[in-house]
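One is the number of the first residue; the rest follow in order along the sequence. Whatever order the structure lists ligands and atoms in, that order sets their numbers, starting from 1.
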Amino acid sequence: MKNLVFRALFDNEEIPIDLLKLADPEEQMIRKYIDHSRIFLAELEGFVVGSIVLVDHSSDLIEIKNLAVDIEFQKQKIGTFLLENAINFAKDSGYHEIQIGTGNSSIQQFYLYQKKGFEFSHIKKDWFTNNYQKPIFENGIQCKHLVVFTKDL
Ligand code: ACO
């Protein structure tokens with residue numbers, strides 16, 4: 001897409017919480033990682049249309065905690081653009097592995113992450129049912145378990 005820019009959130013810029021909530025519906029869960037994360041945005045002609053949030057676990061491993069594209073801009077390759085740029089950032093920063101987790105009900109995300117070279121790693125059983133206040137449903141399936149994918153860099 002023309003004029004799509006990948007950039008870090010500015011120091012004085014507000015966190016696009018509504019966007020982040022598309023990927024992680026409970027703000028209290030976002031608050032657990034947001035203060036020690038790196039936030040990047042996809043900007044189209046001055047408007048923020050997507051975001052990706054990274055948290056490092058060690059000097060080797062970094063995790064994508066949150067990936068979201070504004071509903072009106074989905075299915076236009078912005079999610080792919082954010083993922084590709086986050087992978088390049090992680091590689092250029094010297095990490096050796098990048099991780100991403102999603103719910104068992106997130107069929108489209110399984111497709112997207114594997115297409116971008118992530119491989120199935122493990123499942124954290126009942127992670128959503130144990131950590132979220134309200135049940136989450138997607139594609140008519142209850143989101144209960146966290147499915148973790150990793151990619152070597
Ligand atoms: N059903 C099936 N396939 C789809 C759909 C859909 N609804 N939408 C997109 N795709 C396919 C596309 O055809 C494309 O495939 P291709 O490369 O073979 O053509 C591929 O998925 C990627 O499409 P993009 O256009 O790059 O994806 P998009 O910009 O819509 O971003 C995202 C994907 C981030 C998942 C977006 O839909 C979104 O924000 N969803 C809500 C939040 C969310 O679920 N985030 C991820 C949670 S996990 C986490 O945050 C770590």
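Looking only at distances, no side-chain donor or acceptor of Glu43 sits under 3.5 Å from a matching main-chain atom of Arg7. Counting only distance, with no hydrogens or angles, the side chain of Asp70 and the backbone of Glu72 share a donor-acceptor pair below 3.5 Å.
By the 30° and 60° cut-offs, the orientation of the rings of Phe110 relative to Phe149 is tilted.
Neither the backbone nor the side chain of Phe81 comes within 4.0 Å of ligand 1, counting heavy atoms alone. If you look at Phe149 next to ligand 1, there are no close heavy atoms at all, none under 4.0 Å. Proximity of Ile107 to ligand 1, defined as any heavy-atom pair under 4.0 Å, is not found for any part of the residue. Residue-level proximity to ligand 1 for Lys115 is carried by the side chain, the only part with a heavy atom below 4.0 angstrom. With a 4.0 Å cut-off on non-hydrogen atoms, Val69 touches ligand 1 through its backbone as well as its side chain.
Near Gln76, meaning under 4.0 Å from any of its heavy atoms, are these atoms of ligand 1: 25 (O). Each of the atoms 22 (C), 33 (C) of ligand 1 lies under 4.0 Å from some heavy atom of Leu112.
Summarising the contacts of atom 1 (N) of ligand 1 with Glu84, Lys21, Gln108, the nearest heavy atom is found in Gln108. Here the shortest heavy-atom distance to atom 24 (P) of ligand 1, taken over Gln74, Lys77, Lys65, belongs to Lys77.
Tyr111 CE2, 3.2 Å is the protein heavy atom nearest to atom 15 (O) of ligand 1.
The structure places CG of Leu61 at 8.5 Å from OG1 of Thr150, a figure rounded to the nearest 0.5 Å.
Taking a 4.0 Å cut-off on heavy atoms, Ser106 fails to register as neighbouring ligand 1.
Every N/O-N/O distance between Gly101 and ligand 1 stays at or above 3.5 Å.
Every residue two or more places apart in sequence or in another chain that forms a side chain to side chain contact (heavy atoms under 4.5 Å, CB included) with Tyr111 is listed here: Lys115.
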